[in-house]
Every structure is written in structure tokens, then in C-alpha cells.
Amino acid sequence: MKIKYNPREIEARWQKCWEDEKTFRVVEDTGKEKYYLLEMFPYPSGKIHMGHVRNYTIGDVVARYKKMKGYNVLHPIGWDSFGMPAENAAIEHGIPPAKWTNENIEAMKKQLKRMGFSYDWDREISTCEPEYYRWEQLFFLWMYEKGLAYKKGGSVNWCPTCKTVLANEQVEAGLCWRCGTEVTEKYFDQWFFRITSYVEELLDYCDKLPGWPERVLTMQKNWIGKSHGCELVFPMADSDDVIKVFTTRQDTIFGATFMLIAAEHPLVMELAKGKPVEQDVRDFVERVKKQDKLVRTSDYYEKEGVFLDAWCLNPVTDKRMPIYAANFVLADYGTGCVMAVPTHDQRDFEFAEKYNLEKIVVIQNPDDPLDADTMTEAYVDEGVLVNSGKFDGMKNMQALDDIAAYLESIGRGRKTIEYRLRDWGISRQRYWGAPIPIVNCEECGAVPVPEADLPIILPRDVELTGEGGSPLDLIDSFVNVTCPRCGRPAKRETDTMDTFVESSWYFDRFCCPDHSVKPGLDKEKVKYWMPVDQYIGGIEHAILHLLYARFYTKMLRDFGVLDVDEPFSNLLTQGMVCKETMRCSKHGYLFPEEVTDGKCIYCGLAVKIGKTEKMSKSLKNVVDPNYIIDEYGSDTARIFCLFASPPEKDLEWSDQGVEGSFRFLGRVWRIVEDYIDDIKEVAPFDGGEALEGDLKNLRRKTHQTIKKVTTDIEDRFHFNTAISAVMELVNTLYQIERPEKNDRTALSVIRETLESVILLLSPIVPHITEELWEMLGKQNQLSETAWPGFDAAVAVEEEITIVVQINGKVRSRIQVAAGEPDDKIKELALNDSKVKQLTEGKKIIKEIYVPKKLVNIVVK
RNA sequence: GCCUGGGUGGCGGAACUGGUAGACGCAAGGGACUUAAAAUCCCUCGGUCCUCGAGACUGUGAGGGUUCGAUUCCCUCCCCAGGCACCA
């Protein structure tokens with residue numbers, strides 16, 4: 001009797017088996033080579049989505065493959081469980097964040113287990129537990145001690161109605177996302193991590209991470225934004241004070257005709273003070289400060305400024321330069337002041353046009369000479385210096401160093417380096433995050449909590465209303481403490497840490513999740529496992545998370561806790577899961593289940609199929625993993641995600657594609673079923689006798705497939721082509737004429753092929769393959785079995801096809817024995833009847849022979 | 001604007017260092033099995049032309065170039081996606 005492929009039954013069965021036997025538990029074993037595979041851990045939002053399914057499937061295939069290859073594989077999972085959604089759920093539905101979070105974790109854990117992922121569940125961690133964040137607090141104390149954590153005034157988005165701080169993404173067109181009130185800027189003391197003290201190393205290692213995608217490294221380099229230039233000193237015209245600027249274009253110094261200062265810069269009001277312009281300047285500054293950040297960075301933002309009734313001197317020409325406050329100068333880059341060279345900088349040009357300021361050409365365009373009075377835009381290309389004193393005639397790029405040296409020699413400048421990267425602001429005026437271990441004392445200022453008092457536990461019985469700032473402020477037992485230094489009453493810091501802090505070291509904690517002694521990381525274990533050999537996650541974390549994790553790693557290394565310079569040796573950024581959108585003119589976007597036969601189920605109108613976009617709830621183009629698992633099983637979900645496109649590209653969801661993947665698994669199932677009785681007692685072919693015809697071809701194809709699948713997984717993570725190769729092998733098997741029941745040789749070859757198919761598919765679809773493996777009478781679990789090897793001698797083709805081209809066009813193909821000598825092949829090509837016919841009466845100019853591939857005959 | 005990717009059949013995608021373009025799958029069409037349908041198994045499937053052959057031409061965003069030969073290398077341009085965006 002044939003048994004039908006029943007994914008629901010077999011998947012549950014094997015999942016239970018892996019769980020009961022702790023198949024994927026690992027311990028450190030110095031006798032075995034380790035392999036640490038990590039996928040970015042999820043935020044417990046409630047349900048897993050297809051993005052998770054794809055990410056974790058890719059990782060699982062690699063983890064299972066490496067295990068079969070004999071590595072000691074660490075494949076952990078946990079929860080990035082602090083963050084705003086828990087707090088919002090509490091505000092909206094009155095559920096305590098801890099309860100909401102832990103319920104979500106339970107639900108998602110169930111879903112992950114249903115996918116059959118090979119996690120070591122004994123290492124599960126949840127970052128909102130004190131056992132985790134207490135070490136983060138310890139690291140904070142160490143950072144504070146070394147000046148790597150510090151407090152500084154900074155501006156934040158503030159909603160006056162909700163009385164709370166908003167993240168940038170919570171400000172929609174200048175309005176609060178929750179109540180629609182206009183958001184204002186507010187200054188707060190905030191905590192920062194001094195990531196900038198590692199900026200050079202972070203940049204340097206961008207060239208030492210060959211296992212990272214080039215584009216991620218480029219993004220990080222751009223984010224760090226290193227510029228070489230000069231700090232120049234401009235004396236004030238009427239006092240002994242100076243204004244310092246940073247510039248990368250000291251070659252244009254002779255053309256600097258005015259000075260610009262960021263509107264927010266304190267110097268602006270200082271210079272205007274007591275002058276008739278003071279009120280105008282104040283108005284201007286207030287107006288600029290109020291402008292929303294989004295507006296300020298839009299394309300239409302017009303350059304504006306106000307004259308401060310003050311002058312400075314050009315340091316090389318001593319010409320008087322008027323000083324303006326301007327809305328487009330960045331206060332926190334360089335010195336907040338810039339020298340303006342309107343002839344060679346487009347922004348300065350526009351400003352000079354508007355306020356009718358002087359222009360002096362200092363770089364001449366060799367092809368089309370410039371005239372300061374008639375030019376319509378700044379000339380920003382290279383050229384030859386003019387109006388530049390002793391530097392006239394030099395190429396501007398070559399004069400950069402000479403001019404810098406000259407400025408230094410007259411005491412008006414020096415070479416410097418600037419970075420775009422700012423220190424990392426980690427203060428969040430929120431409840432659901434790790435408390436910062438600081439006490440604010442009126443006498444002593446910010447005082448670190450003694451190490452012995454850690455952890456500072458986040459109180460859990462809290463009522464959240466969403467108004468009035470941090471809820472922690474309202475909890476007397478938390479806030480009111482005595483100062484650890486002077487013993488007087490003091491207030492505990494109520495800011496919590498950015499959740500990116502937790503994700504900056506969780507991969508270290510996975511190496512020793514239960515280690516409960518200082519510093520929370522077991523040096524030996526961490527040394528064994530770190531760095532992560534393969535990290536897999538979404539491209540959306542290309543900058544922030546990955547940069548923070550790199551910084552934190554270097555810092556913990558300097559604290560003596562870690563031995564590695566970089567946390568992730570290899571990085572794979574997988575593409576998004578996308579699906580077409582569907583829209584009804586009456587009911588807007590529709591979920592797939594709200595559409596039948598192309599019509600809206602509410603009104604029967606034809607549904608418009610829209611663009612394919614990233615799956616999202618707002619576009620309703622989502623597919624619930626649970627539905628796919630119920631309908632087809634997780635093996636189908638897994639193989640579809642891998643087959644539809646290579647991992648780094650976007651995956652387009654297709655219901656028919658899922659159907660096709662399911663059909664393929666059925667096809668594998670049936671062919672094993674079909675042969676099972678005949679091959680039960682037969683051993684796989686051992687190469688003992690010579691094979692002929694179909695059997696020989698099948699065996700060759702089998703070994704070729706093992707080879708291809710191995711390199712596709714090992715070298716490139718191209719699971720789609722690996723699966724194609726197995727499909728081809730299965731197709732070949734279907735083509736084989738059914739051997740007699742007593743033809744043991746034929747059956748043994750077929751058995752070898754079937755076992756190979758199962759082994760090769762096992763990391764991809766672990767449940768069905770375990771089941772088939774068992775049906776073949778195997779005692780050992782497939783997950784504990786070694787990856788198959790191939791015999792190169794068997795895989796080699798004995799006949800090869802040689803393409804014959806005439807003048808580069810394919811005209812014929814000839815079959816030759818693989819060992820045929822080159823001369824013979826050329827001769828055969830020339831004597832081919834088709835070739836003879838086409839070269840008749842023409843002169844053969846030359847022949848090109850590409851060994852074992854083609855012959856190209858050039859004729860005239 | 002700058003920096004990265006990327007444009008290949010009706011569709012998702014193959015083609016690894018310049019050497020048979022379109023593997024594999026989906027959709028479509030046809031056949032077998034069946035009383036019938038589903039399922040399954042098998043076959044066809046870039047385009048145009050024709051003397052339907054185991055034929056000719058054409059074809060990897062567009063135009064040039066290098067080469068015996070280009071989806072692959074070089075130049076110019078167009079389009080799409082992502083990142084950064086007044087960083088002086």
C-alpha cells in the first residue's frame with residue numbers, strides 16, 4: 001500500500017524527535033572545528049512573517065549543511081525584546097509590556113519550531129530580562145569610567161501635547177504621529193557613546209572584511225564620511241578674535257569673499273549683540289530653529305541668511321569679508337562656520353547671487369575661461385589657479401598641499417581630518433528599555449551606581465498612559481534613591497538605553513547564555529566561538545546595527561572581555577520578500593483572501609493588480625506563514641523561499657510557485673515510494689562492477705549533482721541552482737526504464753541515486769528527507785549523517801560536445817570521446833560535412849581551438 | 001546631485017574566470033491514464049521567415065568599441081531599485 005506524502009504528520013513527528021533528543025544542542029569542543037552561524041534575532045512583535053521565514057531558512061540550510069560536513073555548529077536564537085511596540089501596546093490596550101512581550105515570544109517560538117529550524121534552544125536569550133541587561137549596565141559603568149559614555153545637551157523632537165520625546169520616524173511631516181500636534185525641538189541632557197573614538201579603526205577595517213558585501217562596506221564608509229582638509233583661522237576685522245573654519249578646499253582660499261555661520265551657532269548672537277541688526281538676527285535664528293528637519297533637507301529649501309554687521313579678514317589677502325548667519329550651514333559639522341567661495345561652490349554661488357556679494361574666480365577653466373560677472377553657476381571642476389598670488393599657474397588639485405603648508409607657515413591654518421559620524425545618542429525617554437545605571441545628585445552630579453548594586457531592575461508594575469514623559473519618573477521607589485557618593489537624597493536616571501545597545505553584543509552572550517559571573521561573558525567559551533562565521537540578515541541594518549555591533553566589539557576587546565577585532569567574518573544580506581498588491585476602487589488595498597477570481601469579495605468589482613512591493617500590512621500584500629505551513633507544510637515553505645531566487649535578491653512571492661515546490665516534494669516522495677519494496681534489501685551501488693548505458697549515465701549524473709550542489713551551497717549560497725540540479729537528477733530518475741525486481745545491480749544504482757537525492761535535500765527540507773531516510777531502513781538520524789562525497793572519476797563525462805563555429809557563428813556540433821587528442825578534434829571539425837559545405841571554395845584564415853569546448857574556423 | 005546594485009522569454013530565474021544564451025520551475029498548449037474530473041506521467045514551448053528541414057535570419061535596456069568570438073570587458077546614453085543627501 002502506498003502512503004501519501006502527509007507533511008503535517010511527519011513534520012510534527014520529526015520536530016518532536018529533534019526536541020526530545022536535543023539533536024542541535026552544542027557544547028564547546030576544542031577537538032572539533034567550530035562554525036558559528038547567526039541570523040539577526042527577531043523583535044517579538046507577535047507573529048513571524050515571511051521575511052523571518054526566508055532569513056531563518058537560509059541560515060538553517062547553512063547550519064545543517066555545516067553540521068553534516070562535520071563542524072561543531074553553533075546556531076542560536078533569542079529575542080530582541082526591548083522596544084517601543086510593547087509600550088505602545090500597553091498604552092493602547094492596557095497590557096503590561098512584559099506580559100505582551102513574553103506572550104509574543106511564546107507564540108513566535110511555537111512558529112519557529114513549526115518551521116523545523118535547527119536551533120540550540122538551550123541557548124535562548126531574551127534581552128529584556130535582568131540576567132541579560134545587567135551586563136550591559138556593567139559595560140556602561142566601565143564606559144563611563146573611561147569617558148566612552150558621557151552626558152551632553154542635545155536636541156530632540158518633542159510633542160508638547162503628549163509631553164514626550166519622539167523618534168525621527170515618529171515625526172510625520174512635522175507632526176506627532178499619535179496626536180497630530182506640531183513637533184518642536186527641545187534641548188535635553190542626553191547620554192552618548194563615544195563611537196567616534198573608534199572611528200579610524202571602524203573605517204580601517206572596512207577594507208579588511210572580505211566576507212562582507214561591497215555595498216554594505218561602501219555604505220558604512222560613506223556614513224563615517226572621512227574628509228581631509230584644513231582648519232583655517234580668519235581674524236576678525238575689528239578685534240583680536242578669530243573665526244575658525246574647516247575646509248577641504250584650501251585651494252580656493254584666495255576666492256573666499258564672505259563668511260557663513262550656522263544659524264544655531266552661539267557666535268551668531270554674540271556678534272549681533274548690541275547692534276541695530278540684533279532683532280532681525282534673533283528673528284531669523286528663531287525661524288530657522290523652528291523649521292522642521294524634513295523641510296530643511298528637502299530640495300526646495302531656499303538658502304537664506306542675515307548679515308551680522310561684522311567682518312573678518314581673508315587670511316591670505318587680508319580682504320574684509322562680511323559675516324552672515326545662514327540656514328544651510330551645519331552647526332555640528334566642522335566648526336559650524338564655513339568660508340564662502342561663490343565662484344567654486346554652488347551653495348555659496350546661490351547665496352552670493354541672492355545677497356549680491358563679491359565673486360573672484362581663482363580656478364580657471366582651461367577650455368572655457370570664466371568671468372565672475374557673467375557666470376551662471378559655480379565652476380566646481382579642476383583647473384589652473386589664478387588670482388592666487390604665488391600659486392598662480394598651478395593645477396588646483398596639486399596646490400592643495402602647498403597652500404596648506406603655506407597657511408600653516410603663516411600661523412593661519414593646519415591640516416585636519418573631519419568625520420561625518422557623530423557620537424551615538426543612546427538616551428531614550430521611554431520605559432521599556434534597559435535602565436542606565438546612573439544616579440543624578442544635586443551635589444555630585446551624575447554618579448555611577450556601584451557595580452555591586454547591579455542590576456538596576458526595570459520595575460514591571462507600571463501604568464502607561466503615553467503622556468507626561470517617561471513613566472519611570474512617576475515611580476517613587478525607582479526614582480528616589482540616595483546618592484552613592486554623598487548619601488543625600490538623589491534621583492535615579494530615568495532614561496533607558498537605545499535597543500541597539502542590546503543587539504550590539506547578543507552574539508557574544510549566545511556563546512555562554514547562562515554565565516552568571518562578572519562580566520557575563522565566559523572568556524574561554526567566547527574565544528572558542530567568536531567571531532560569527534556567517535551572519536545573515538536584512539540590508540536595512542547595513543549601517544546602524546552593524547556599525548554599533550562593530551564598535552561594541554572593539555570596545556569589549558579593549559576591556560579585555562573579547563579576543564576579536566570584528567564580530568562578523570562573513571555577512572549575507574538577504575533581499576526582501578515581495579508580492580503584488582491588489583486594490584479595489586471601492587475598498588482600497590485588499591488582502592489575498594479578500595479576492596476571489598480577480599474580484600473583490602465585498603462588492604464584486606474587478607481588482608486591480610498593482611506593483612510588486614515589499615510585503616507589508618499597510619499594502620495588505622502579506623502571506624501568513626502559518627497558512628502556508630497548514631496548507632503545504634514547512635518543507636514547502638522552505639524550499640519555495642530558496643528556489644524562487646538567490647538569497648541576496650528580492651523574492652517575489654508566487655502562489656503558483658509554492659504549488660510547484662509542493663509538487664516537486666511529492667514527486668520525490670513518490671519515486672522513493674515507488675521503488676521502496678524493490679530496494680529495501682539492496683545496498684547502494686559500490687562501484688564494484690562496470691555499468692553500461694542508462695545506469696552508467698544515471699550514476700554519472702548522481703555524482704555530478706553531488707558535486708554541483710556542494711559547490712552551490714558551499715561557495716555561493718545559491719540554493720536555487722542547487723535545487724534545480726536535484727530536480728534534474730529526479731527527472732533523470734523518472735526517465736529510467738523500470739528494472740526487473742531481480743536486477744540487483746540496477747536497483748543498487750537507483751538506491752545510490754535516491755539516497756543522494758535525500759541527503760542533498762536534507763538541509764533544505766529536513767522533515768520529508770528524515771522520513772524517507774527512515775523508510776529506506778536507515779537507523780541513524782539524517783541530521784546526524786555525513787554530507788555525501790562524490791567520485792570525480794565517475795562524474796566525468798566520457799563524451800563531450802565540441803561546438804564548431806564558422807566566423808564566430810555556431811554551425812555544427814560534434815561528439816568526441818573525452819580523451820580525444822586536440823589535433824584529432826580539430827581534424828574532425830574540419831571534416832564535418834556541414835563545415836565542408838560552408839567552407840567550400842573559401843580560404844581558411846585561422847582556426848581557434850578552445851580545449852574541450854569549441855573550434856572556431858575563420859574563413860574569407 | 002553623489003555612491004552602490006540591477007535591466008536576459010508571458011513570468012521567477014540559469015549561464016562560475018569572454019566560448020552552445022534561456023538550465024530548473026511557473027504559466028500556456030497537446031497527449032496518456034480515467035466512464036468522467038482531479039491527481040499523476042509524458043511531449044511542445046524566445047521571435048520572425050520559409051522550400052517546415054537535423055533550415056535561414058534575429059535575439060540578453062539603447063548606441064558604439066575591443067575580440068576569431070561579448071549577457072560577460074571598455075566608452076556614451078536610457079530606465080529601475082536601494083543608500084546618502086546642503087558634510088564646505
Side-chain angles (χ1 to χ4, degrees), chain A residues 4 213-223 225-227 229 245-250 252 256 260 296-299 301 303 326-330 332-335 337-341 344-348 350-351 380 418-422 539-540 542-543 573 575-576 612-614 639-640 643-646 648-661 663-664 666-667 670 708 711-712 715-716 718 720-728 730-731 734-735 801-810 812-813 834 845-859:
Chain A
K4 252 191 88 183
E214 197 52 49
R215 63 172 176 151
V216 174
L217 295 171
T218 312
M219 279 158 82
Q220 294 215 345
K221 282 185 208 167
N222 291 342
W223 187 262
K226 182 178 183 176
S227 309
V245 306
F246 173 75
T247 184
T248 56
R249 294 299 306 275
Q250 62 270 20
T252 63
L260 295 168
R296 289 190 66 176
T297 53
S298 77
D299 288 343
Y301 191 59
K303 287 166 188 54
N327 62 353
F328 64 95
V329 175
L330 301 172
D332 58 354
Y333 182 78
T335 63
C337 307
V338 297
M339 67 178 206
V341 184
H344 304 294
D345 182 287
Q346 187 57 26
R347 298 159 296 188
D348 299 345
E350 285 168 32
F351 196 86
V380 294
E418 274 294 324
Y419 302 91
R420 210 186 74 102
L421 180 73
R422 299 275 87 93
I539 185 74
E540 65 273 20
I543 297 172
T573 48
M576 300 179 300
T612 296
E613 296 198 65
K614 179 181 176 176
I639 199 171
F640 172 74
F643 182 62
S645 69
E648 63 277 8
K649 280 180 100 180
D650 285 352
L651 178 141
E652 192 182 326
W653 191 265
S654 147
D655 293 333
Q656 284 159 337
V658 174
E659 200 75 47
S661 297
R663 262 201 302 264
F664 169 66
R667 207 166 146 81
R670 280 188 301 274
K708 173 148 179 66
T711 52
D712 279 353
D715 303 348
R716 326 191 288 163
H718 277 203
N720 55 336
T721 51
I723 294 165
S724 299
V726 181
M727 285 174 169
E728 279 186 61
V730 172
N731 290 347
Y734 268 88
Q735 302 290 330
T801 306
I802 300 290
V803 170
V804 186
Q805 297 182 333
I806 292 170
N807 291 342
K809 288 193 175 181
V810 180
S812 182
R813 296 178 173 92
K834 187 80 191 291
I845 295 167
K846 70 172 164 178
E847 294 154 43
I848 293 121
Y849 174 65
V850 181
K852 314 252 179 263
K853 287 226 164 102
L854 64 73
V855 177
N856 187 11
I857 301 158
V858 184
V859 297

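Small disclaimer: the values here were computed from a predicted structure and weren't measured.
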Nearest-Å distance once atom [atom1] is located in both [N] and [M]:
{"N": "B:C24", "M": "B:C45", "atom1": "C1'", "result": "15 Å"}
{"N": "B:C11", "M": "B:U60", "atom1": "P", "result": "15 Å"}
{"N": "B:G12", "M": "B:G63", "atom1": "P", "result": "22 Å"}
{"N": "B:U8", "M": "B:C80", "atom1": "C1'", "result": "15 Å"}
{"N": "B:A54", "M": "B:U35", "atom1": "P", "result": "37 Å"}
{"N": "B:A85", "M": "B:U72", "atom1": "C1'", "result": "34 Å"}
{"N": "B:G6", "M": "B:U71", "atom1": "C1'", "result": "13 Å"}
{"N": "B:A23", "M": "B:G9", "atom1": "C1'", "result": "14 Å"}

Side-chain heavy atoms of [X] within contact of [Y], under 4.5 Å:
{"X": "A:Leu260", "Y": "A:Asp348", "answer": "yes"}
{"X": "A:Phe664", "Y": "A:Phe643", "answer": "no"}
{"X": "A:Asp332", "Y": "A:Arg422", "answer": "yes"}
{"X": "A:Val658", "Y": "A:Trp653", "answer": "yes"}
{"X": "A:Thr247", "Y": "A:Val338", "answer": "no"}

Minimum heavy-atom distance between [X] and [Y], given as atom pair plus value:
{"X": "A:Tyr333", "Y": "A:Ser227", "value": "OH-OG, 3.4 Å"}
{"X": "A:Asn856", "Y": "A:Gly808", "value": "OD1-N, 3.0 Å"}
{"X": "A:Leu854", "Y": "A:Ile802", "value": "CA-CG2, 3.9 Å"}

Between [N] ([atom2]) and [X] ([atom1]): distance, integer Å:
{"X": "A:Ile845", "N": "B:G69", "atom1": "CD1", "atom2": "C1'", "value": "14 Å"}
{"X": "A:Trp223", "N": "B:C3", "atom1": "CH2", "atom2": "P", "value": "19 Å"}
{"X": "A:Ile806", "N": "B:C57", "atom1": "CD1", "atom2": "P", "value": "11 Å"}
{"X": "A:Glu652", "N": "B:G6", "atom1": "CD", "atom2": "P", "value": "19 Å"}
{"X": "A:Lys649", "N": "B:G13", "atom1": "NZ", "atom2": "P", "value": "5 Å"}
{"X": "A:Met727", "N": "B:C24", "atom1": "CE", "atom2": "P", "value": "10 Å"}
{"X": "A:Arg667", "N": "B:A39", "atom1": "CZ", "atom2": "P", "value": "15 Å"}
{"X": "A:Ile848", "N": "B:A70", "atom1": "CD1", "atom2": "P", "value": "12 Å"}

A:Phe351 six-ring face occupied by A:Lys303 cation (under 6.0 Å, within 45°):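 No, A:Lys303 does not sit over the ring of A:Phe351.
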Given [options], the nucleotide with the shortest approach to the side chain of [X]:
{"X": "A:Val810", "options": "B:C42, B:U20, B:C86", "result": "B:U20"}
{"X": "A:Val803", "options": "B:C3, B:U20, B:G25", "result": "B:U20"}
{"X": "A:Pro646", "options": "B:C68, B:C3, B:G13", "result": "B:G13"}
{"X": "A:Arg420", "options": "B:A85, B:A15, B:A23", "result": "B:A85"}
{"X": "A:Arg670", "options": "B:C41, B:G13, B:A21", "result": "B:C41"}
{"X": "A:Met219", "options": "B:G83, B:A88, B:G25", "result": "B:G83"}
{"X": "A:Leu330", "options": "B:C24, B:A88, B:G83", "result": "B:A88"}
{"X": "A:Thr721", "options": "B:A15, B:A88, B:C3", "result": "B:A15"}

Paired and unpaired positions of RNA chain B as dot-bracket, Watson-Crick or G-U wobble under 3.5 Å, | denoting a partner strand: (((((((..(((......[....))).(((((.......))))).((((.....))))..(((((..]....))))))))))))....
What nucleic acid atoms does [X] come within less than 4.0 Å of, heavy atoms only: base, sugar-phosphate, or nothing?
{"X": "A:Lys303", "answer": "base"}
{"X": "A:Asp650", "answer": "sugar-phosphate"}
{"X": "A:Val858", "answer": "sugar-phosphate"}
{"X": "A:Arg813", "answer": "base"}
{"X": "A:Asp348", "answer": "nothing"}
{"X": "A:Gln805", "answer": "base"}
{"X": "A:Gly334", "answer": "nothing"}
{"X": "A:Ser654", "answer": "nothing"}
{"X": "A:Gln735", "answer": "sugar-phosphate"}
{"X": "A:Tyr419", "answer": "nothing"}

Results of side chain to side chain contact (heavy atoms under 4.5 Å, CB included) for A:Glu214 - residues two or more places apart only: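 Scan of A:Glu214 (side chain to side chain contact (heavy atoms under 4.5 Å, CB included), adjacent residues dropped) gives A:Thr218.
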Heavy atoms of other groups near A:Lys614 NZ, more than 12 under 6.0 Å: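 No, because the 6.0 Å sphere around NZ of A:Lys614 holds 12 heavy atoms or fewer from other groups.
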A:Lys853 atom NZ, over 12 foreign heavy atoms within 6.0 Å: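 It does not: A:Lys853 NZ has 12 such atoms or fewer within range.
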Looking only at side-chain N and O atoms, does [X] come under 4.0 Å of OP1 or OP2 in [N]?
{"X": "A:Arg663", "N": "B:A39", "answer": "no"}
{"X": "A:Lys809", "N": "B:U58", "answer": "yes"}
{"X": "A:Asn222", "N": "B:A85", "answer": "no"}
{"X": "A:Arg215", "N": "B:G6", "answer": "no"}
{"X": "A:Gln220", "N": "B:U4", "answer": "no"}
{"X": "A:Asn720", "N": "B:A14", "answer": "yes"}
{"X": "A:Tyr333", "N": "B:A88", "answer": "yes"}

Gap separating the CD atom of A:Glu728 from the OG1 atom of A:Thr721, nearest 0.5 angstrom: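 Reported value, rounded in 0.5 Å steps: 10.5 Å.
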Syn/anti state for B:G18 [syn: chi within 90° of 0]: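 Base orientation: anti.
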Which residue lies more 5' along RNA chain B, comparing A:Arg249 with A:Ser724 via nearest heavy atoms: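 Upstream on the strand: A:Ser724.
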Between the protein and nucleotides 63-67 of chain B, list the N/O to N/O atom pairs that are separated by less than 3.5 angstrom.
none

Polar side chain donor-acceptor pair, A:Asn731 to A:Arg667, under 3.5 angstrom: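 Result is yes, a qualifying pair exists.
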